[in-house]
Amino acid sequence: MATSNLFPSSPLSSSTSLPSTTKKSPLHFFHKTPSNFPKTLLNPSKPPSLSFKLSSSSSKTAISTFFAGDDDPTSPESDKPREECGVVGIYGDPEASRLCYLALHALQHRGQEGAGIVSVHKNILQSVTGVGLVSDVFNQSKLDLLPGNSAIGHVRYSTAGSSMLKNVQPFVAGYRFGSVGVAHNGNLVNYRLLRHALEDQGSIFNTSSDTEVVLHLIAISKARPFLQRIVGACEQLQGAYSMVFITEDKLVAVRDPFGFRPLVMGRRSNGAVVFASETCALDLIEATYEREVNPGEVVVVDAAGISSLCLLPHRPRKACVFEHIYFSLPNSTVFGRSVYESRYAFGQILAAKAPVDCDVVIAVPDSGFVAALGYAAKAGVPFQQGLIRSHYVGRTFIEPSQKIRDFGVKLKLAPVQAVLKGKRVVVVDDSIVRGTTSSKIVRLLKDAGAKEVHMRIASPPIIGSCYYGVDTPSSEELISNRMSVEEVREFIQCDSLAFLSLESLGEFLGEEAPSFCDACFSGNYPVLPTESKKGPCSSVCQGNLIVLPSLGNLGLLAEFSRIDDCFFLFLVDTSFCQMKEKAVNDTSASSVHDSSFKANGNIRNPKQTLLPFPSEYPVRDMASTKKLMGLIGPTRFLLATAIV
């Protein structure tokens with residue numbers, strides 16, 4: 001299903017009604033040092049007065065419900081993180097939309113649930129979007145609707161319930177000075193805060209995508225030049241964004257100050273400028289790679305040429321290391337490094353650090369192939385294709401009435417008995433998320449006659465969710481956040497299990513290690529998530545304070561509540577909504593090591609003491625406790641107690 005729309009270059013589109021003026025945004029957050037704290041926060045004798053408006057339904061909801069898994073548990077892909085978007089932009093080619101279409105094919109692995117292209121012809125932005133693969137959305141007749149010398153495109157993955165056509169990008173809106181289209185890869189962690197502020201000022205939203213916020217911020221800006229409108233909007237965004245904008249006469253590429261998600265620039269032989277999420281898209285349309293769009297950079301392409309402006313605040317780069325582990329294609333160069341060489345090296349490191357006697361090395365297709373080749377070469381053991389992947393299984397299928405064990409995995413992966421029977425097998429995969437698919441693969445291999453199955457994982461254990469443009473489960477669902485390596489081995493029933501260690505990953509990255517984001521492995525988040533990742537969010541932010549509803553899991557607390565050198569914990573329930581803070585000095589944190597932890601429900605008693613931290617706070621398991629202990633260090637805590 002695809003739709004086509006024409007957007008004239010003057011009045012505001014009816015699909016996005018935006019006010020023309022706004023007050024200065026109240027949403028300003030500190031990022032650097034605790035010196036920005038209000039003095040009242042550092043003085044426990046003078047707690048600030050806070051008030052919050054929470055609906056009764058949201059305040060009763062445990063935060064874990066915001067992360068309820070919506071994937072099909074029978075699918076092998078349900079146990080993998082998923083990149084949420086890929087973008088492309090082309091300026092100065094008479095076949096811009098067709099080249100955009102081909103580039104999106106090359107980026108199809110970054111999103112399979114929707115695709116769209118916007119082109120500019122005679123000062124009119126023309127759009128075709130649809131649900132499904134690129135080849136499902138576009139055909140010759142659709143591309144004929146997209147003439148022009150410039151275009152942007154987008155492929156999208158989304159969680160269940162959000163794959164509606166209205167959420168498929170690129171988005172296009174008219175405002176008082178013209179029209180603008182945008183395609184976005186990433187995730188804005190302060191999306192709902194911005195959306196609520198805009199709605200309070202009269203803005204009307206037509207989608208559930210965080211990208212629409214960007215269009216509203218551009219439209220309500222008082223700045224006249226379009227470039228200043230983009231910069232003003234981006235200054236209010238927090239999180240990950242690699243975006244391409246298109247207007248009647250410009251193509252603009254923007255990357256967030258941390259550079260979480262990749263965005264590269266290339267050029268075709270006719271001088272056309274191309275932006276894309278990965279270099280594999282440049283290769284397909286015969287564009288030569290020139291460079292990355294730098295973190296915090298705004299690149300403008302128009303009839304006058306290319307201009308580059310670093311107008312956004314400088315931050316230390318935090319590129320997503322998972323691009324090299326799983327997301328990007330092996331033939332891409334991402335963040336200045338060959339993805340193939342990285343994965344090959346990960347396999348070699350595993351063979352050196354976690355050797356095992358074996359007869360054959362196989363991979364979990366397709367993402368484990370390159371690491372398996374590296375493992376086999378280092379170990380001196382033959383690599384063979386012990387699992388065959390079917391590329392022709394759709395998203396839905398009909399299971400026979402008599403249940404078949406591990407039906408979903410068997411549809412996708414078929415074992416080769418001639419390779420496996422009687423053999424000691426090393427299986428290399430890129431990651432383990434929930435562990436459900438890994439256990440089924442081990443069972444599949446043993447049923448096919450494998451004598452031993454040894455799992456080798458070419459990434460560190462995943463202990464935290466990603467909030468920067470990757471669809472991952474909640475921390476509660478991440479098996480490595482709940483279990484030790486030995487417990488995971490017992491769960492998936494393999495003969496041995498080893499992960500690439502975080503230390504080994506850092507050694508491989510060398511001097512560039514601090515410039516990569518490893519939050520999903522370490523729990524160290526460069527930008528604090530101020531709201532839950534999935535479902536209706538009821539997080540509230542008041543100034544520099546973050547309020548989370550009915551927290552019942554310390555792992556989620558540690559993940560949500562870190563701000564540089566400080567943590568914040570607030571408990572909110574239907575019985576109260578006013579709070580006061582107590583500052584706890586560093587010595588109180590030592591009680592973490594000695595406390596006896598309770599394992600039941602949320603704190604409901606407003607008179608219950610919360611000191612010393614966190615002896616009276618419920619904890620689900622020791623893995624979460626250890627995670628918080630690793631994050632604490634010499635920090636200051638602000639603990640909220642209820643006032644009825």
Side-chain angles (χ1 to χ4, degrees), residues 2-10 86-108 115-130 133-155 168-174 178-183 226-227 242-254 263-291 293 298-308:
T3 62
S4 175
N5 295 292
L6 302 182
F7 296 86
S9 59
S10 48
V87 301
V88 62
I90 299 173
Y91 184 93
D93 196 292
E95 292 192 307
S97 63
R98 282 168 171 75
L99 293 172
C100 206
Y101 162 78
L102 294 174
L104 292 179
H105 266 294
L107 299 175
Q108 186 75 86
I117 295 175
V118 173
S119 69
V120 178
H121 182 60
K122 295 181 179 179
N123 288 335
I124 295 177
L125 273 62
Q126 304 169 91
S127 171
V128 174
T129 60
L133 301 176
V134 175
S135 57
D136 297 329
V137 175
F138 295 100
N139 52 34
Q140 186 64 48
S141 61
K142 291 291 193 305
L143 292 174
D144 289 341
L145 298 174
L146 298 169
N149 294 332
S150 58
I152 61 173
H154 188 269
V155 288
V168 177
Q169 298 182 37
F171 292 154
V172 180
S179 298
V180 58
V182 60
F226 178 71
L227 179 59
S242 289
M243 296 185 286
V244 287
F245 295 89
I246 193 168
T247 68
E248 295 83 358
D249 60 349
K250 290 180 175 61
L251 178 66
V252 181
V254 184
L263 188 62
V264 298
M265 184 173 74
R267 198 185 300 262
R268 283 173 49 81
S269 58
N270 63 357
V273 178
V274 182
F275 298 100
S277 294
E278 291 183 38
T279 59
C280 62
L282 304 182
D283 297 338
L284 182 59
I285 62 174
E286 298 182 332
T288 303
Y289 169 78
E290 291 192 349
R291 65 177 181 89
V293 175
V298 181
V299 182
V300 182
V301 186
D302 56 20
I306 302 175
S307 57
S308 172

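Everything numeric here is computed off the predicted structure, so don't read it as measured data.
The closest side-chain heavy-atom distance from Leu107 to Cys280 is below 4.5 Å. His121 is not listed as a side-chain neighbour of Ser97, based on a closest heavy-atom distance of 4.5 Å or more. Within the 4.5 Å cutoff, the side chain of Val87 has no heavy atoms near those of the Met243 side chain. Within the 4.5 Å cutoff, the side chain of Glu290 has no heavy atoms near those of the Ile306 side chain.
Rounding to the nearest 0.5 Å gives a distance of 6.5 Å between OG of Ser141 and CG of Leu145. Once rounded to the nearest 0.5 Å, the distance linking NZ of Lys250 with CZ of Phe245 reads 13.5 Å. In this structure, CG on Asp144 lies 12.5 Å from CZ on Phe138, to the nearest 0.5 angstrom. Put simply, CD1 on Ile152 and CZ on Phe275 are 12.0 Å apart, with the number rounded to the nearest 0.5 Å. For the atom pair Ile285 CD1 and Arg98 CZ, the distance stands at 14.5 Å (nearest 0.5 Å). Taking CD1 of Ile117 as the reference point, atom CG of Leu143 lies at 6.0 Å (rounded to 0.5 Å).
The side-chain contact (heavy atoms from CB on, under 4.5 Å) with Ser150 is formed by just one residue from the set Ile90, Val301, Ile246, Val118; it is Ile246.
The pair Asp93-Arg267 does not meet the salt-bridge criterion, since no charged nitrogen lies less than 4.0 angstrom from a carboxylate oxygen.
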- Task: Check the pair Leu133 / Gln108 against side-chain contact (heavy atoms from CB on, under 4.5 Å), numbers first and verdict last.
- Result: CA-CA 7 Å; Leu133 301 176; Gln108 186 75 86; 3.7 Å; yes

- I would like to know whether Leu227 and Val300 meet side-chain contact (heavy atoms from CB on, under 4.5 Å); could you show each step before the answer? CA-CA 8 Å; Leu227 179 59; Val300 182; 3.7 Å; yes

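Shortest non-hydrogen contact noted between Gln169 and Val182 is OE1-O, 3.9 Å. Glu248 approaches Ser179 most closely through the heavy-atom pair OE2-N, 2.9 Å. Closest heavy-atom contact between Asn270 and Pro94: ND2-CD, 4.4 Å. Nearest heavy atoms, Ala276 versus Ala281: CB-CB, 3.8 Å. Across all their heavy atoms, His154 and Leu104 have their closest contact at N-CD2, 3.5 Å. Nearest heavy atom pair, residue Leu125 against residue Val180, reads CD2-C, 3.7 Å.
A donor-acceptor pair under 3.5 Å is absent between the side-chain atoms of Ser119 and the main chain of Ala151, judged by distance alone.
Counted within 6.0 Å of CD on Glu95, heavy atoms from surrounding residues, nucleotides or ligands total 12 or fewer; the atom is thus considered open.
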